[in-house]
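None of the values given here were measured: they were computed from a predicted structure.
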Amino acid sequence: MSRVIDLTTHSAVYATRLLAKFGHDVVRVEPPQGDNLRRLGPFLGTSVDLESSAYHQFLNAGKRSITLNLNSSAGRRVFLDLVAGSDALVGSLPLPVEEGELLAANSRLVLTEVVDTEPELCAFARSGLLSITGHPGQRPKLLGGHVIYAAIGLYVAVATSAALYVLAQTDEGQVVTVSAKECLQSLVEQAMITLTSTGQGTERRGYRGAVTAVSGGFPCSDGYAMLSVPHTPEGWNNFMEWVQDPVLMADSSLVKEAERHEKRDFIFDRLEVWSKSFVKEAIVTEAQSRHIPASPISTVLDLVDDPQLRARGFLTQVDHPLLGRIIFPRGAIATILERPINFAPQLGQHNGEILSELGYSEVGQQILVEVGAL
């Protein structure tokens, strides 16, 4: 496995979390006062401090932490020593050290530079995604949970992994540039294909989806369930056999998907009255028995209690030294590889360990502390 230096901001830090889950030694370099991710709420437990941010605890899990004052000559020297002994550096531009200086310190370095020049909402809007998310006739809605940062992080992780594979095969590093804007624009590809092939733009449909004419979130007595009625006449007739709505059943034109598309809001208005008589698990179970794609629309609390995620080890109960008993998301890659993931590091937790690996004696480390390098 490779040593990877992590200089990412929030938009790309999920990439290094993925690399840590895969087994790479990810070293997060932070200023002595800690980085902004540690200050991002919500906070776990009763304290609001640099160690209890939920984002820090999730996104930095499995990594090691070293604090370096890169404005000092001694801190910069330690950083370049770290670069010389690493395989990759993943960082959001602008980097604190020029590209040429990094490559001079390590000519075989994989350097992944993330171009991210806009706030989250602006990047989402410019990409085109904001135009297709939200409810019809209402203002566009930003996706919650910083989900676009997870998408960017996935691209960055794949790009870095590909470059590390090339390094392993050829012993040659390379500079990889990942544009956050282009990552997001790629997610609008299907809407662009639809417009090009049919001339129809993708509408904001909210929970009344657009996979088939009758698909989306249906309100239930305890939340929402997703159903997607097949586009075939057989699929519609099978659905009507279950629903038994006299008005919809009387309209023989609805056997055609095109007609259902034209009348979909009328259909939804009637079906929402019907679906409210079910709990979401019941409606999903019956739909699946009829070969109608369906799923409960899970809340975050639903996921925490999901028996499959717990049984597979994706979510595990652990005793955190600072936060007590918590549910910890190990993640898919670590679960499949049966790899343990350490808790997110305390600020500068591995200073001594990493400096020793770089050849600094205890006296040398003490001098670094005294001159303000750490």
His291 atom NE2: more than 12 heavy-atom contacts under 6.0 Å
no

Look at atom NZ of Lys181 and say whether more than 12 heavy atoms of other residues, nucleotides or ligands are closer to it than 6.0 Å.
no

Look at Glu272 together with Lys276 and state whether they make a salt bridge at an N to O cut-off of under 4.0 Å.
no

Gln308, CD: over 12 other non-hydrogen atoms inside 6.0 angstrom:
no

Can you check side-chain hydrogen bond (donor to acceptor under 3.5 Å, both in side chains) on His10 and Glu120, steps first, answer last?
CA-CA 10 Å; His10 188 194; Glu120 179 181 12; over 6 Å; no

Determine, using ring centers only, whether Phe239 and Trp274 are less than 6.0 Å apart.
yes

Could Arg17 and Phe58 be counted as a cation-pi pair, given that NZ or CZ must be under 6.0 Å from the ring centre and within 45° of the axis?
yes

Check this for me: does any side-chain nitrogen of one of Arg270 and Asp265 sit under 4.0 Å from a carboxylate oxygen of the other?
no

In this structure, are over 12 heavy atoms from other groups packed under 6.0 Å from Glu98 atom CD?
no

Given Phe218 and Met226, is the side-chain contact (heavy atoms from CB on, under 4.5 Å) satisfied, shown in steps?
CA-CA 6 Å; Phe218 288 81; Met226 188 287 297; over 6 Å; no

Asn36 atom CG, neighbour heavy-atom count above 12 within 6.0 Å
no

Please tell me if the side chains of Val27 and Leu82 come closer than 4.5 Å, counting only heavy atoms from C-beta onward.
yes

Between Arg310 (side chain only) and Thr316 (backbone N and O only), is there a donor and an acceptor less than 3.5 Å apart?
no

Between Arg108 and Asp87, does any NZ, NE, NH1 or NH2 come within less than 4.0 Å of an OD or OE carboxylate oxygen?
yes

Interatomic distance, Leu142 atom CG to Leu129 atom CG [nearest 0.5 angstrom]
10.0 Å

With the threshold set at 4.0 Å, does a side-chain nitrogen-carboxylate oxygen contact exist between Glu357 and Arg3?
yes

Presence of salt bridge, Asp35 and Arg28, under 4.0 angstrom
yes

Determine whether a donor-acceptor pair (N or O, by modelled atom type, separation under 3.5 Å) exists between the side chain of Thr9 and the backbone of Ser92.
no

Within 6.0 angstrom of Glu189 CD, more than 12 heavy atoms from elsewhere
no

Residue pair Arg208, Asp269: steps toward the salt bridge (Lys or Arg N to Asp or Glu O under 4.0 Å) verdict
CA-CA 10 Å; Arg208 294 184 171 187; Asp269 288 341; 2.7 Å; yes

Gln169 atom CD: more than 12 heavy-atom contacts under 6.0 Å
yes

Between His146 and Tyr55, does the ring centroid distance fall short of 6.0 Å?
yes

Is the shortest distance from a Lys or Arg side-chain nitrogen in Glu257 or Arg264 to a carboxylate oxygen in the other one below 4.0 Å?
no

